[in-house]
Amino acid sequence: MTQTAEFWKESFKEKQTMWGFEPADSAIRAKDLFLREGIKDVLIPGIGYGRNAKIFIESGMRVTGIEISQTAIGLARKNKLDIPVYHGSVTDMPFDNCLYGGIFSATRSSIY
Ligand SMILES: C[S@@+](CC[C@H](N)C(=O)[O-])C[C@H]1O[C@@H](n2cnc3c(N)ncnc32)[C@H](O)[C@@H]1O
């Protein structure tokens with residue numbers, strides 16, 4: 001396991017749903033932009049436990065995630081996030097052949 005994967009595995013194990021369930025302000029702004037642009041398919045690299053996915057889903061978009069931490073994916077599933085989430089690193093993209101209209105990623109420079 002890489003250092004990044006190890007770091008996030010331990011962070012989610014220890015701190016669980018550490019940012020709560022409200023979407024980031026940037027997710028709200030991106031949702032408005034994607035709606036204006038008529039975007040239907042959204043990719044969220046580093047989706048975590050999915051706090052930013054709901055706002056896009058509720059706006060009628062199909063959302064797919066990529067997440068390096070299986071613990072975070074487990075938290076997402078526990079919180080009823082029922083969308084495709086690829087377990088792996090963004091550095092190993094692509095995981096499918098979908099052409100996403102929008103890509104949203106809220107990080108704190110934590111994706112390598
Ligand atoms: C700062 S957290 C943000 C999580 C989520 N976007 C949010 O705002 O709630 C960064 C996320 O990116 C994931 N991550 C970090 N490096 C990654 C990589 N190389 N590939 C996929 N996911 C990664 C972490 O496990 C973590 O869930």
Side-chain angles (χ1 to χ4, degrees):
M1 186 181 286
T2 64
Q3 266 190 323
T4 304
E6 187 66 40
F7 171 81
W8 284 108
K9 179 181 153 196
E10 290 308 315
S11 297
F12 283 113
K13 254 209 255 177
E14 188 189 328
K15 300 176 197 148
Q16 301 278 300
T17 52
M18 59 187 114
W19 302 292
F21 287 95
E22 290 304 310
D25 289 347
S26 54
I28 298 169
R29 289 202 296 272
K31 178 265 296 174
D32 291 338
L33 173 69
F34 291 173
L35 275 178
R36 278 201 303 278
E37 296 295 327
I39 284 165
K40 292 283 174 214
D41 288 285
V42 177
L43 178 68
I44 306 186
I47 193 168
Y49 53 85
R51 72 177 171 127
N52 292 313
K54 201 171 159 215
I55 196 166
F56 297 106
I57 296 167
E58 286 173 349
S59 301
M61 299 171 215
R62 285 180 294 269
V63 177
T64 300
I66 299 174
E67 174 52 52
I68 204 167
S69 164
Q70 186 62 60
T71 314
I73 297 173
L75 289 168
R77 298 304 182 214
K78 201 169 144 189
N79 288 287
K80 313 263 181 273
L81 188 72
D82 185 22
I83 58 167
V85 178
Y86 296 109
H87 179 216
S89 173
V90 293
T91 56
D92 293 327
M93 287 170 69
F95 289 92
D96 59 31
N97 58 7
C98 180
L99 289 176
Y100 295 94
I103 299 179
F104 173 79
S105 187
T107 80
R108 295 182 178 89
S109 353
S110 306
I111 290 200
Y112 308 105

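One-based numbering, in listed order, for ligands and for the atoms of each.
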Checklist entry - Which heavy atom in Leu81 sits nearest to a heavy atom in Ala53, and how many Å separate them? => result CD1-CB, 3.9 Å
Item to check | Heavy atoms from other residues, nucleotides or ligands near CD of Glu22 exceed 12 (cutoff 6.0 Å) | outcome: no
Checklist entry - For residues Ser89 and Thr91, is any side-chain donor paired with an opposing acceptor at under 3.5 Å? => result yes
Checklist entry - If we ignore angles and hydrogens, is there a donor and acceptor under 3.5 Å between the side chains of Asp92 and Tyr86? => result no
N or O contact, [X] vs ligand 1, cut-off under 3.5 Å:
{"X": "Asn52", "result": "yes"}
{"X": "Ile68", "result": "yes"}
{"X": "Ser89", "result": "yes"}
{"X": "Ile47", "result": "no"}

Checklist entry - What part of Ala72 sits under 4.0 Å from ligand 1 if we count only heavy atoms: the side chain, the backbone, both or neither? => result neither
Item to check | Under-4.0 Å heavy-atom contact with ligand 1, by part of Thr91 that carries it | outcome: neither
Checklist entry - Going by the salt bridge (charged side-chain N to carboxylate O under 4.0 Å, His left out) test, which pairs reach into residues 4-15, not counting sequence neighbours? => result Glu10-Lys13
Next on the checklist: Going by salt bridge (charged side-chain N to carboxylate O under 4.0 Å, His left out), name the pairs with one or both residues in residues 27-41, residues two or more places apart or in two chains.
Outcome noted: Asp41-Arg62
With heavy-atom distances below 4.0 Å as the criterion, list the atoms of ligand 1 near [X].
{"X": "Thr4", "answer": "16 (N)"}
{"X": "Gly48", "answer": "27 (O)"}
{"X": "Phe12", "answer": "25 (O), 26 (C), 27 (O)"}

Next on the checklist: Starting from Met18, can I reach Val85 by hopping between I/L/V/M/F/W/Y residues whose side chains sit under 4.5 Å apart?
Outcome noted: no
Checklist entry - When the ring centroid of Tyr49 is compared with that of Phe21, is the distance short of 6.0 Å? => result yes
Item to check | Of the listed options His87, Met18, Arg51, closest to atom 7 (C) of ligand 1 (non-hydrogen atoms) | outcome: Arg51
Checklist entry - Has Gly88 got any heavy atom lying under 4.0 angstrom from an atom of ligand 1? => result yes
